[in-house]
Engineer: 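Mind having a look at this structure? Questions to follow.
We number each residue from 1, following the sequence as shown. What's counted below: heavy atoms across the whole structure, side chains too, no hydrogens, waters or symmetry copies.
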Amino acid sequence: MSQSIKNMLAYIGDDPEREGLKETPKRIIKSWGKLFSGYNQKPESVLKTFTEGSCDEMVILKNIEFYSTCEHHFLPFFGTISIGYLPNKRVLGISKLARLVEIYSRRLQIQEKLVAQIADSLMEHLHPLGVMVVCKAKHMCICARGVEKNQAEMITSALRGAFNKPEVRQEFLQFVQNV
């Protein structure tokens, strides 16, 4: 892998043997350990549920920060994700929602797939009455190259189960926007 990175540095026109770049292949490989750590984790490993303390009302964790890498351009995108679910006799430890975001965001991704994977995973492992995931992100592939629009933000959502009802979706959106 180190040689491939050196070849890439030479391809873009730099000297991989110059002082500032000599250790770069090792640093890149080390950083990939964190950036792509989601491949080494399974959602079910973090989705521990509880029946004690379960409720019948909407549970929301909003503004979960995330960092991911675009699978089309290998550039970062980052922002926040808000997740809501309607329990069905079971709830999650709240940190588990943030951990689930980490698992899927720490893989090569597109934003549309990211929200769908989070929603589908919660439906599969938690079996709630419904789930909604909303993601707002900035993409370096649109900011640093291409059309170079630095203020552009992409918003995506995934709705499952009861969140397909307009009143349930609206309740979630009001909590996320106003509280």
Side-chain angles (χ1 to χ4, degrees), residues 1-14 16 20-48 60-85 92-126 128 130-161 163 176:
M1 184 51 57
S2 187
Q3 186 57 51
S4 295
I5 294 169
K6 286 180 182 180
N7 291 343
M8 179 188 70
L9 292 169
Y11 175 80
I12 63 172
D14 214 322
L21 292 179
K22 275 192 173 199
E23 300 298 315
T24 296
K26 289 178 187 174
R27 287 189 292 265
I28 289 173
I29 292 167
K30 183 178 179 185
S31 77
W32 284 352
K34 175 65 176 178
L35 294 174
F36 305 114
S37 61
Y39 288 112
N40 300 322
Q41 299 176 15
K42 295 182 187 243
E44 57 271 19
S45 70
V46 301
L47 292 177
K48 181 180 180 185
I60 298 171
L61 184 61
K62 73 178 206 172
N63 297 329
I64 306 164
E65 295 176 5
F66 78 93
Y67 302 89
S68 194
T69 304
C70 169
E71 68 183 36
H72 297 150
H73 301 102
F74 222 86
L75 290 171
F77 69 98
F78 56 93
T80 60
I81 292 177
S82 296
I83 302 171
Y85 71 94
L92 286 171
I94 200 71
S95 68
K96 306 314 182 204
L97 294 172
R99 291 187 194 284
L100 186 62
V101 168
E102 279 295 299
I103 287 172
Y104 286 116
S105 66
R106 296 299 186 167
R107 300 175 179 187
L108 291 174
Q109 275 294 7
I110 61 170
Q111 188 172 328
E112 300 89 337
K113 184 171 74 172
L114 176 60
V115 293
Q117 288 174 323
I118 293 167
D120 291 341
S121 187
L122 286 169
M123 290 299 289
E124 178 183 347
H125 299 289
L126 181 60
V131 171
M132 186 165 174
V133 180
V134 174
C135 179
K136 180 176 164 182
K138 291 187 83 113
H139 292 250
M140 290 299 100
C141 54
I142 195 172
C143 295
R145 56 160 298 283
V147 296
E148 297 181 8
K149 301 300 179 201
N150 294 316
Q151 298 305 311
E153 293 178 320
M154 184 170 171
I155 300 172
T156 54
S157 64
L159 294 81
R160 305 289 184 268
F163 282 86
V176 170

Engineer: Would you say Y11 has more than 12 foreign heavy atoms packed within less than 6.0 Å of its OH?
Structural biologist: no
Engineer: So how far is it from S95 OG to K48 NZ, rounded to the nearest 0.5 Å?
Structural biologist: 10.5 Å
Engineer: Measure across I94 and L61 and return the closest heavy-atom pair with its distance rounded to 0.1 Å.
Structural biologist: O-CD2, 3.6 Å
Engineer: Checking side chain to side chain contact (heavy atoms under 4.5 Å, CB included) for the pair N63/I81: CA distance, chi angles, key distance, verdict?
Structural biologist: CA-CA 5 Å; N63 297 329; I81 292 177; over 6 Å; no
Engineer: Around atom CZ of R99, are there more than 12 heavy atoms of other residues, nucleotides or ligands at under 6.0 Å?
Structural biologist: no
Engineer: Is the shortest heavy-atom distance from the side chain of P16 to the side chain of D14 under 4.5 Å?
Structural biologist: no
Engineer: Ignoring hydrogens, what is the shortest heavy-atom contact between P25 and L21? Give both atom names and the distance.
Structural biologist: CD-O, 3.4 Å
Engineer: As a quick check of understanding, evaluate side chain to side chain contact (heavy atoms under 4.5 Å, CB included) for L114 and F66, giving each step before the final call.
Structural biologist: CA-CA 11 Å; L114 176 60; F66 78 93; 3.9 Å; yes
Engineer: Got a sec, which pairs hit salt bridge (Lys or Arg N to Asp or Glu O under 4.0 Å) with one end in residues 104-115, sequence neighbours left out?
Structural biologist: E71-K113, E102-R106
Engineer: Hey, are the side chains of I29 and S2 touching, using non-hydrogen atoms and a 4.5 Å cut-off?
Structural biologist: yes
Engineer: Can you tell me how far NZ of K22 sits from CG of L9, rounded to the nearest 0.5 angstrom?
Structural biologist: 13.5 Å
Engineer: Show every donor-acceptor pair shorter than 3.5 Å between a side-chain atom in residues 132-151 and any protein atom, with sequence neighbours excluded, or say none if there are none.
Structural biologist:
from	atom 1	to	atom 2	distance (Å)
K138	NZ	N150	O	2.3
H139	NE2	Q111	OE1	2.6
R145	NH1	H73	NE2	3.4
R145	NH1	C141	O	3.0

Engineer: Are W32 and M1 side-chain neighbours, meaning at least one heavy-atom pair lies under 4.5 Å?
Structural biologist: yes
Engineer: Check the pair T69 / L75 against side chain to side chain contact (heavy atoms under 4.5 Å, CB included), numbers first and verdict last.
Structural biologist: CA-CA 5 Å; T69 304; L75 290 171; over 6 Å; no
Engineer: Can you tell if the side chain of L108 reaches within under 4.5 Å of the side chain of Y39, non-hydrogen atoms only?
Structural biologist: yes
Engineer: Closer than 3.5 angstrom, by distance alone: can the side chain of Y104 be matched with the main-chain N or O of P43 as a donor-acceptor pair?
Structural biologist: no
Engineer: Mind checking the CD1-OG spacing from I110 to S68? Nearest 0.5 Å is all I need.
Structural biologist: 10.5 Å
Engineer: Using the rule given for side chain to side chain contact (heavy atoms under 4.5 Å, CB included), can you reason through L100 versus L47, listing the C-alpha separation, both sets of side-chain angles and the distance that settles it, and then say yes or no?
Structural biologist: CA-CA 8 Å; L100 186 62; L47 292 177; 4.3 Å; yes
Engineer: As an exercise, state the distance from CD1 of I103 to NZ of K96, rounded to the nearest 0.5 Å.
Structural biologist: 10.0 Å
Engineer: Is any side-chain heavy atom of L92 closer than 4.5 Å to one of L97?
Structural biologist: yes
Engineer: Measuring from I60:CD1 to Y85:OH, what's the distance to the nearest 0.5 Å?
Structural biologist: 11.0 Å
Engineer: If you define the side chain from C-beta out and look only at heavy atoms, does anything of D120 sit under 4.5 Å from V131?
Structural biologist: no
Engineer: So among E124, M123, H125, which one has a side-chain contact (heavy atoms from CB on, under 4.5 Å) with S121?
Structural biologist: H125
Engineer: What distance separates K62 NZ from I83 CD1, expressed to the nearest 0.5 Å?
Structural biologist: 14.0 Å
Engineer: Under the ring pair (Phe, Tyr, Trp, His ring centres under 6.0 Å) rule, collect the residues that match up with F74, sequence neighbours excluded.
Structural biologist: F36
